[in-house]
Amino acid sequence: MASLSLKHIYKKYAGGVVAVSDFCLEVKDKEFIIFVGPSGCGKSTTLRMIAGLEEITDGELYIGNRLVNDIAPKDRDIAMVFQNYALYPHMTVFENMAFGLKLRKTPKDQIARKVEEAARILDISHLLDRKPKALSGGQRQRVALGRALVREPQVFLLDEPLSNLDAKLRAQMRTEIALLHKKLGTTFIYVTHDQTEAMTMADRIVVMKDGFIQQVDTPQTLYSYPCNLFVAGFIGSPQMNFIDSKLVKIDGKYNIEFGSEDTKERRGRKFYIELPESKVNEEALAPYLNKEIITGVRPECIHDEEMFISTAKTGIIEATVNVAEMMGAETYLYLNCEGINLTARVSNRSTARPQDVIQCALDANRIHIFDKETEKVIIN
């Protein structure tokens, strides 16, 4: 097993294109780390540099205590699982899983033992004689995992391994990979653009954008305490609502003001959220008084139930329901409040229907405030 240390890693291509910038990360032994971000953010490039498939332009990469910048991929003691599985079509499952061991001149009895043990762990023992074309997507994924497993590497690298599977199978394989990590006790580094995968599987998540690390933390901390607007919007599904607003004082108390201005056609309406004591940090808020800010509200913090509305002292809005999506255990309401589009995640008992004008209460204790220019968080 091994820890990893990435120190000021850069990847620059010809023509001045910088794919990864000043990437610094310490990965603990046996940790499950997930790189997440939109396409083109540099997450797969970083993984390939760890694997040795991409050359590091600048910086140092350590696996354990060994500097591996100039060490060939086969000598790094890592195993990689690719998005397209990369199975040899003319070989059986057994031969695919044994291939890397044969190249290493591993004795035949050891190969058989390791392949059979990996097949048992992954529940593919009955498939060892089949060719890849006779397997489903989930079975091929298990074979690709098995091929990595038999090598007993210090580090597993997984590059979007579930992206070719359907939704139900993806959910099942997420659970299986998480269980496999616990069973093996090996360091896992996993790349995905799917924040649901990241939230459900990782010990820690590395959120990337444009080649830079935005934030590294546990799933719950990222969700509750995002460091900027990008992380707040990327983590969570449905994503956080962002409201262009203004920080004002009413009767000596900080309030968030939002809504629409008066026009010739109609009279505008303003709504207010009074900040509770837990959100008031005079030093952080004072510079933004009477200035424009961005307020973030998670969909589950917008309530349409009478119980919440009747007890809320602040943050009550009126909105038109554009769409109501019944999701089984809950309902998503897509609302319009004075030209501001909001998504609310409410109980499946909600009676709201399209075109209804309803009242909602925004939970003032769980709002986030961001600087409109820098997009950095002011208050979480």
Side-chain angles (χ1 to χ4, degrees), residues 6 8-12 17-27 33-47 49 159-160 163 189-247 256 258 279 281 284-285 287-288 291-302 332 334 340-345 362-363 366-380:
L6 293 91
H8 306 288
I9 299 287
Y10 285 81
K11 180 61 186 179
K12 300 172 186 173
V17 176
V18 181
V20 178
S21 295
D22 200 21
F23 191 103
C24 297
L25 182 68
E26 298 293 326
V27 181
I33 285 272
I34 292 188
F35 298 167
V36 71
S39 296
C41 72
K43 56 191 186 295
S44 288
T45 302
T46 305
L47 195 77
M49 284 192 285
D159 190 8
E160 306 221 20
S163 59
I189 301 179
Y190 186 110
V191 161
T192 181
H193 63 273
D194 184 337
Q195 57 91 23
T196 304
E197 281 179 33
M199 291 292 286
T200 54
M201 297 166 70
D203 294 326
R204 283 191 301 154
I205 299 172
V206 179
V207 183
M208 295 183 69
K209 179 191 177 192
D210 300 333
F212 289 91
I213 293 178
Q214 301 294 304
Q215 191 171 353
V216 183
D217 222 314
T218 62
Q220 191 55 53
T221 301
L222 283 180
Y223 191 79
S224 302
Y225 304 100
C227 72
N228 61 31
L229 205 65
F230 175 78
V231 175
F234 195 84
I235 299 294
S237 180
Q239 79 161 50
M240 185 183 286
N241 297 290
F242 296 119
I243 305 169
D244 287 330
S245 40
K246 189 176 178 181
L247 188 66
I256 290 165
F258 61 96
K279 294 284 183 187
N281 178 332
L285 292 173
Y288 294 93
K291 292 183 180 175
E292 290 188 349
I293 54 170
I294 295 174
T295 302
V297 185
R298 294 269 179 211
E300 63 270 24
C301 301
I302 301 177
Y332 296 166
Y334 297 91
I340 301 163
N341 291 320
L342 299 170
T343 304
R345 189 178 191 166
L362 279 57
D363 187 345
R366 295 178 63 191
I367 60 171
H368 307 261
I369 304 174
F370 302 92
D371 185 304
K372 192 161 187 176
E373 290 182 10
T374 67
E375 299 190 348
K376 289 182 179 176
V377 73
I378 303 167
I379 297 289
N380 263 323

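Only this structure's heavy atoms are used, side chains among them; waters, hydrogens and symmetry mates stay out.
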Distance-minimising heavy-atom pair for [X] and [Y]:
X	Y	answer
Thr295	Ser245	OG1-OG, 2.6 Å
Tyr332	Ser237	OH-O, 4.4 Å
Met201	Ile34	CB-CD1, 3.9 Å
Lys279	Ile367	NZ-O, 2.9 Å
Phe242	Gly296	CD2-CA, 4.2 Å
His8	Asp22	ND1-OD1, 2.7 Å

Counting only heavy atoms from other residues, nucleotides and ligands, does the tally under 6.0 Å from CZ of Phe230 exceed 12? yes

Return the [atom1] to [atom2] distance between [X] and [Y], rounded to the nearest 0.5 Å.
X	Y	atom1	atom2	result
Ile378	Asn281	CD1	CG	10.5 Å
Gln220	Ile205	CD	CD1	10.0 Å
Leu47	Ile33	CG	CD1	12.0 Å
Ser163	His193	OG	NE2	6.5 Å
Asp363	Glu300	CG	CD	10.0 Å
Asp217	Arg204	CG	CZ	8.0 Å

Beyond-backbone contact of [X] with [Y], side-chain heavy atoms, under 4.5 angstrom:
X	Y	value
Lys11	Phe23	no
Gln214	Phe234	no
Leu25	Phe35	yes
Pro299	Asn241	yes
Pro226	Asn380	yes
Met208	Thr46	yes
Val36	Lys43	no

Is the backbone N or O of [Y] less than 3.5 Å from a side-chain atom of [X], with the two atoms forming a donor-acceptor pair by type?
X	Y	value
Arg298	Arg345	no
Ser224	Thr221	no
Asn341	Tyr334	no

Evaluation steps, side chain to side chain contact (heavy atoms under 4.5 Å, CB included), between Lys291 and Lys372: CA-CA 9 Å; Lys291 292 183 180 175; Lys372 192 161 187 176; over 6 Å; no

Apply side chain to side chain contact (heavy atoms under 4.5 Å, CB included) to the pair Asp244 and Glu292, showing each step before the final yes or no. CA-CA 7 Å; Asp244 287 330; Glu292 290 188 349; over 6 Å; no

Go through the steps to decide whether Asn228 and Gln215 satisfy the test side chain to side chain donor-acceptor pair (under 3.5 Å), and finish with yes or no. CA-CA 9 Å; Asn228 61 31; Gln215 191 171 353; over 6 Å; no

Could you give me the CA-CA distance, side-chain angles and deciding distance for Leu285 and Ile369, then say whether side chain to side chain contact (heavy atoms under 4.5 Å, CB included) is met? CA-CA 9 Å; Leu285 292 173; Ile369 304 174; 4.2 Å; yes

The criterion is side-chain contact (heavy atoms from CB on, under 4.5 Å); which residues satisfy it with Ile340, sequence neighbours excluded? Ile243, Phe258, Leu342

Using the ring of each side chain (for Trp, its six-membered ring), is Phe370 parallel, tilted or perpendicular to His368, with breaks at 30° and 60°? parallel

